[in-house]
Student: 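Before I ask anything, let me first share the structure, which is written out below as structure tokens.
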Amino acid sequence: MNTYVYGIARGEVSGLGDRLRGIGDPPLPVRALTEGELSAIVSDCPAELKPRRRDLLAHQHVLAEVGDAHPVLPMRFGSVSTSDDDVRTVLSEHADRYHEQLSRLADRVEYNVKAVHDEDAVLHQVLSEEPELRMMAEANRASGGGTYEDRVRFGELVAAAVQARQTRDAQIVEETLAPAAEAVRPGPESGGWFLSLSVLLAKDAAEPLLSAVGGLEKAHPRLKLRVNGPLPPYSFVDS
């Protein structure tokens with residue numbers, strides 16, 4: 001059976017199987033594989049591993065429980081090795097790199113910020129900023145909606161203008177939030193949002209970030225922002 005890896009901790013981690021269950025149905029006991037001064041937090045891996053909600057939550061719960069007592073380098077959901085021995089080999093071969101990352105991410109958390117436009121607000125702004133589009137819209141209305149070709153062309157131009165606005169607004173969001181963070185990186189891709197941004201913060205240091213998010217939404221009513229966190233700093237682990 002393959003070995004599922006939740007994260008890598010510093011030092012020896014004991015007693016996990018007595019109290020902690022991970023992914024799987026039924027949930028599988030969690031254990032630690034120690035090699036030198038590092039421990040990989042693992043369990044057996046189900047024959048079919050899919051991103052089911054219960055398994056995603058179990059993965060995060062294991063990291064949270066272990067992270068309360070030990071510095072831990074989180075792996076993303078779906079990190080699988082062929083065997084326990086292979087995991088130990090990787091710990092040994094890359095020990096220096098793991099220790100460096102554990103030191104860098106100690107007492108750090110990740111927040112994910114996603115951005116989307118209010119469709120009515122961004123369309124109103126695009127039309128107000130683009131005289132050509134405004135004139136086309138007025139001409140189409142005056143002619144009873146315009147021809148099919150007119151409507152298609154108008155739709156293409158509006159879509160291009162909205163996409164250009166998304167690009168500019170993504171830059172505005174990142175430039176506004178970056179001063180409140182220790183680091184920023186692209187976040188996991190997610191449908192329906194034009195920006196996913198991962199932000200690295202010290203624990204209990206989220207207030208400047210949340211204040212900046214509120215300020216962005218107030219200054220730019222077309223923006224809708226969603227903040228998720230605190231999370232393990234997945235996006236800042238170098239593979």
Student: Classify the ring geometry between Phe194 and His117 as parallel (under 30°), tilted (30 to 60°) or perpendicular (over 60°).
Tutor: tilted
Student: Is a side-chain donor or acceptor of Arg185 paired with a backbone partner of Ser235 at a separation under 3.5 angstrom?
Tutor: yes
Student: Checking Arg21 against Ser43: is there a side-chain donor and acceptor pair closer than 3.5 Å?
Tutor: no
Student: Between Ser79 (side chain) and Met75 (backbone), is there a donor-acceptor pair under 3.5 Å?
Tutor: no
Student: Can you tell whether the side chains of Glu217 and Lys224 come within less than 4.0 Å, N to carboxylate O?
Tutor: no
Student: Salt bridge (Lys or Arg N to Asp or Glu O under 4.0 Å) between Lys50 and Asp55: does it pass, once the steps are laid out?
Tutor: CA-CA 8 Å; Lys50 297 181 180 179; Asp55 286 337; over 6 Å; no
Student: Does any donor atom in the side chain of Ser196 or Asn112 lie under 3.5 Å from an acceptor atom in the other side chain?
Tutor: yes
Student: Checking Thr3 against Asp84: is there a side-chain donor and acceptor pair closer than 3.5 Å?
Tutor: yes
Student: Side-chain donor-acceptor pair under 3.5 Å between Ser198 and Glu110, yes or no?
Tutor: yes
Student: Of all heavy-atom pairs between Val80 and Tyr4, which one has the smallest distance, and what is that distance?
Tutor: CG2-CD1, 4.0 Å
Student: Inspect the contact between Asp169 and Arg222 and indicate whether a charged nitrogen and a carboxylate oxygen are less than 4.0 angstrom apart.
Tutor: yes
Student: Does this structure show an ion pair linking Asp44 with Arg31, if we count only N-O contacts that are shorter than 4.0 Å?
Tutor: yes
Student: Do Ser103 side-chain atoms and His99 backbone N/O form a donor-acceptor pair below 3.5 Å?
Tutor: yes
